Amino acid sequence: MNLFYEDYPTAVCVGGKDIPIITDFREIIKLTDMLRTKDLAYEEKMYLLQQYFQEPPEDFEKAVDALSDFVTMKELGRQDISDDDNCEEKEQKPQKDVYSFEIDYPFIFSAFLQDYGINIRTIPYMHWWEFRMLFSGLSEGTEIKQRIMYRSVDLSEIKDKEERKRIAKIQQAIRLPDAELTDYDIGNAFM
């Protein structure tokens, strides 16, 4: 797929049939938040998930897989900016979250305004893929990119004791609520 001359997808293919889906970035963010919450039962999540298909799919399980591929932009071979390309490391170390659409909203909002002049609060529609590409392309000087960079630093790889302490302090100040530093991370900051 070449997005220079092809449109963003508005449907997923399930069993050879295209099923239209909701594609606005705000709705996909709601979807990912809903799937992560522990406040909803599995059945409630499945019911809400059905709302993302504009026609009821015949094979719901395959439709959910196709929607997942849409969200992760699998067709383009893309990964989330927090994903790691090294599969072996993924298996060894749990992936930590480096941003939260909810917690980091002010920084994402200001970065889109700063870099692109786009008010993501009032824009009527933006396709999820467009949002993801713009989010990935935000300049390194934006606050959200700085937060992502600091959150992704592995303290065990920093040899200089003072630099490790400095980054550990920053990580503690900007950590996500569910992303508490482990004893290992804290211990490494003072080695």
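Treat the numbers as computed from the prediction; the structure is a model and nothing was measured.
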Enclosure of E61 CD (heavy-atom neighbours >12, cutoff 6.0 Å): no

L3 side chain reached by Y8 side chain, heavy atoms, under 4.5 Å: yes

Contact check, side chains of K62 and P57, non-hydrogen atoms, under 4.5 Å: no

Between Y125 and T23: side-chain donor-acceptor atoms closer than 3.5 Å: yes

Rounded distance (nearest 0.5 Å) linking atom CD1 of I167 with atom OH of Y150: 6.0 Å

Flag side-chain contact, heavy atom, 4.5 Å: Y105 against I120: yes

Minimum-distance pair of heavy atoms, taken over all atoms of I22 and E27: CG2-CB, 3.5 Å

Least distance between heavy atoms, D18 atom then A11 atom: CB-CB, 4.1 Å

Residues R147, L176; criterion side chain to side chain contact (heavy atoms under 4.5 Å, CB included); working and verdict: CA-CA 10 Å; R147 286 171 173 263; L176 297 171; over 6 Å; no

Aromatic ring proximity, centroids under 6.0 angstrom, F25 and F135: no

Ring geometry between F112 and Y116 (parallel below 30°, tilted from 30 to 60°, perpendicular above 60°): perpendicular

Name of the residue among V71, L67, V12, I19 meeting side-chain contact (heavy atoms from CB on, under 4.5 Å) with Y52: L67

Trace of the side chain to side chain contact (heavy atoms under 4.5 Å, CB included) decision for L31 with L48: CA-CA 8 Å; L31 170 65; L48 292 171; over 6 Å; no

Close side-chain approach of M73 and M133, heavy atoms under 4.5 Å: yes

Close side-chain approach of F60 and F53, heavy atoms under 4.5 Å: yes

Closest contact, heavy atoms only, V14 versus A66: CG2-CB, 4.1 Å

Heavy-atom pair with the smallest gap, counting every atom of M149 and S152: O-OG, 2.9 Å

Side chain E44, main chain A41, donor-acceptor under 3.5 Å: yes

Main-chain N/O of P9 paired with H127 side-chain donor or acceptor, under 3.5 Å: yes

Spacing of CD1 belonging to I144 relative to CG belonging to L138, to within rounding of 0.5 Å: 8.5 Å

Closest approach of S139 to K145 (non-hydrogen atoms, all atoms of both residues): O-CG, 3.3 Å

Evaluation steps, side chain to side chain contact (heavy atoms under 4.5 Å, CB included), between I29 and R26: CA-CA 5 Å; I29 291 171; R26 287 170 286 246; 5.7 Å; no

Considering all heavy atoms, the nearest P106-I103 contact: CD-O, 3.6 Å

Test applied, side-chain contact (heavy atoms from CB on, under 4.5 Å); reference residue, V64; option that passes from L49, D59, D69: L49

Greater than 12 external heavy atoms within 6.0 Å of Q51's CD: yes

Side chain to side chain contact (heavy atoms under 4.5 Å, CB included) between I118 and L134, worked out: CA-CA 10 Å; I118 297 172; L134 291 172; 3.9 Å; yes

E102 atom CD, neighbour heavy-atom count above 12 within 6.0 Å: no

Value rounded to 0.5 Å, distance of NZ in K74 from CG in D65: 8.5 Å

Distance in Å, K30 NZ paired with I28 CD1, rounded so as to fall on 0.5 Å steps: 10.5 Å

Test applied, side-chain contact (heavy atoms from CB on, under 4.5 Å); reference residue, T142; option that passes from I108, L113, D115: D115

Heavy-atom side-chain contact between L35 and T32 under 4.5 Å: no

Interatomic distance, S110 atom OG to N119 atom CG [nearest 0.5 angstrom]: 11.0 Å

Parallel, tilted or perpendicular: ring planes of W129 versus F70, cut at 30 and 60 degrees: parallel

R166 vs E162, salt bridge (Lys or Arg N to Asp or Glu O under 4.0 Å): CA-CA, chis, key distance, verdict: CA-CA 6 Å; R166 184 184 77 80; E162 291 305 311; over 6 Å; no

Within 6.0 Å of NZ in K45, more than 12 heavy atoms from elsewhere: yes

Check: F101 ring centroid to Y99 ring centroid under 6.0 Å: yes

Distance, nearest 0.5 Å, that separates CZ of R151 from CG of D104: 4.0 Å

